[in-house]
Amino acid sequence: MSGGGCNIVWFRRDLRVEDNPALAAGVRSGSVVAVFIWAPEEEGLYYPGRVSRWWLKHSLAHLDSSLKSLGTSLITKRSTDTVSALLEVVKSTGATQIFFNQLYDPVSLVRDHKAKDILTAQGIAVHSFNADLLYEPWEVNDDHSHPFTTFAAFWERCLSMPYDPDSPLLPPKRIISGDVSRCASDTLVFEDESERGSNALLARAWSPGWSNADKALTTFINGPLLEYSKNCRKADSATTSFLSPHLHFGEVSVRKVFHLVRIKQVLWANEGNQAGEESVNLFLKSIGLREYSRYMSFNHPCSHERPLLGHLKFFPWVVDEGYFKAWRQGRTGYPLVDAGMRELWATGWLHDRIRVVVSSFFVKVLQLPWRWGMKYFWDTLLDADLESDALGWQYISGTLPDGREIDRIDNPQFEGYKFDPHGEYVRRWLPELARLPTEWIHHPWNAPESVLQAAGIELGSNYPRPIVEIDAAKARLDEALSEMWQQEAASRAALENGTDEGLGDSESMPIAFPTDIQMDVDHEPARNNPTLGRRYEDQMVPSMTSSFLRVEEEETSLDLRNSATDSRAEVPTNVNVNQEPRREAIQEGNMQTVRSNVTLPQFNMTIGLRNAEDSTAESSSTSTRRERDGGVVPVWSPSTSSYSEQFVVEDNGIATSSSYLQRQPQSHQIMNWRRLSQTG
DNA sequence: TCGGGTTTCGG
DNA sequence: CGAAACCCG
């Protein structure tokens, strides 16, 4: 069935040989050329950060050696244009088919669609698979076939789907290598000289690569999982799964994680092990959040740049690079926050709880633009993951229907005693506070002078006073919020009067990313960088310095209100006609090959859908229908896009969009929150 | 020890 | 907002 030609298996963030549907299908279909293409420029602003690239480098090496032991090797290509690199590989190998696993971040959705179009036009058969999720985003809908807008409902549905996620596949026993004699690998460079020193430490704590991921999973399931719910509240507990970087690069399949954990759950349930069951549920919830982040990214592909609840575009952010810098350096004067930021910088890792603490502090106390924080996480986290990053920050910023309330300020002092009751975490990361008694460890500003003296602390000198008092922050936040609501109401009124030209213009002034973000080297803790010097700014915050990118903050928020009244607004549409083609992907269930097609919300993905209910047809008036394998599904045709007006999001801002957005074609999405009007 | 009012917290 | 935890008489 291979038709003589060989099969390209295009690896991306699925760097494993086990439970890799694209690889399995490629192998089944004949000889295989395994390819990885490094084209980070395509990610634009989200060029991977230093530690993330470090991981990738090692993960690829690991994959390559696994492939070698199976009979082939990994071809690597350096390019600025993935699609042409693929074409080149096609030409030099005589491939006739290409297999890959789906991704859901905005950049990949666009790029993969384009790749599919172009390759198909060249006569190449393109097959893509789900390898990253329990269920594809379009499979999980509410009773009216609309996407969920809250996590709890989404996850509940996932757990009660009528069919289980596909079972994990075993690795291939053997791979017949395609002819790569005319297809040379490029050497990929993932770190420059200046980064090597900082990266050296990482290897002590982490082992990238799919079989290490597998070990980590086993270790976790047999050990810390049982105590997971107990320990998840401790800032420095070593009992998290530590799977997130593995999962990000697809070194371990989430379906395998799910299956193994489920087995454990059944076991514990039978034993009446209450704590165990609870732990499993909690852990699965974090898997669920990961799923949900893809779900949201797919349904709202701009969620990494625009708040999903529209009012936030009127929030008067404090654009203060000094605050931003203090936060990054861990010099805010709040020990828990500072400890977290220093751990992040030193290790590329942060406990989930602490991520919430520092990001909440960032948004609520400092009131810095949330996208700065998101970007910083992206640049510094070992498990940097755009979808999760966006979801997390939107959650914190109060722009999700089920997110944290925007007017709630968390007090780092109290959280300190909650997550780090004995101050051990703070002492580890803030050596200057190490001698401070626990009583004061989370609020040194209240400590008597004598205590401070005995501990060798001089506030404002070797440890800062609080950068902003909590009370002041509360007041400022209240003020900002009332201003926001005012602006929002005004804009709405203007809209209703039809006098809305230029609406939101003043409020949605672009907020540029700081131009010269750099860490103050001498304040960096635990960096162990022998070559520390000023020319290494970009090692510290790799992608921010690469070029000056202006990014609009909140420029085109989605006003959910507009669509709230119409239930059909549930089905988002892609209005971004002139920017990039709609995405399309083919999901080929390996066996059942339900090649039915359904309209995928924004992206017009052509996908397999098991239960195409005809309510999905309402997805757009441009649906046509086609029958396949018994499934009736709508097919959305991009050329005939005529949308109901009410689906189209207000477009102010996009047109005048920053260079970033222009460089990075995004579709923009239509909202479908049901609950949004509650906020008005 | 048991209400029941209050605070916390949640994705 | 609603459930759960918490606190107090």
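These figures come from a predicted structure and were not determined experimentally.
Ring pair A:Phe151/A:Tyr292 is perpendicular by interplanar angle, where above 60° counts as perpendicular and below 30° as parallel. Ring planes of A:Phe377 and A:Trp393: perpendicular class, angle over 60° (limits at 30 and 60°). Aromatic ring orientation, A:Phe362 versus A:Phe324: perpendicular (interplanar angle above 60°, classes split at 30° and 60°).
By the 4.0 Å N-to-carboxylate-O rule, A:Asp214 lies too far from A:Arg16 to be salt-bridged with it. The pair A:Arg353-A:Asp420 does not meet the salt-bridge criterion, since no charged nitrogen lies less than 4.0 angstrom from a carboxylate oxygen. Salt bridge annotation for A:Arg294-A:Asp105: absent, with no cationic side-chain nitrogen under 4.0 angstrom from a carboxylate oxygen. Ion pair A:Asp132/A:Arg290 flagged as a salt bridge, since at least one NZ, NE, NH1 or NH2 atom sits closer than 4.0 Å to an Asp/Glu carboxylate oxygen.
For the contact set between residues 381-395 of chain A and DNA chain B, defined by any heavy atom under 4.0 Å, the members are A:Leu391, A:Gly392, A:Tyr395.
Counting 5' to 3', DNA chain B first comes under 4.0 angstrom of a heavy atom of chain A and last does so at the ends given by B:dC9 to B:dG11.
A:Arg404 places its CZ atom 16 Å from the C1' atom of C:dC1, with the value rounded to the nearest Å. Protein atom CG of A:Asp402 is 15 Å distant from nucleotide atom P of C:dG2, rounded to whole Å.
Residue pairs meeting the side chain to side chain donor-acceptor pair (under 3.5 Å) criterion with at least one member in residues 466-484 of chain A, sequence neighbours excluded, are A:Gln367-A:Arg476.
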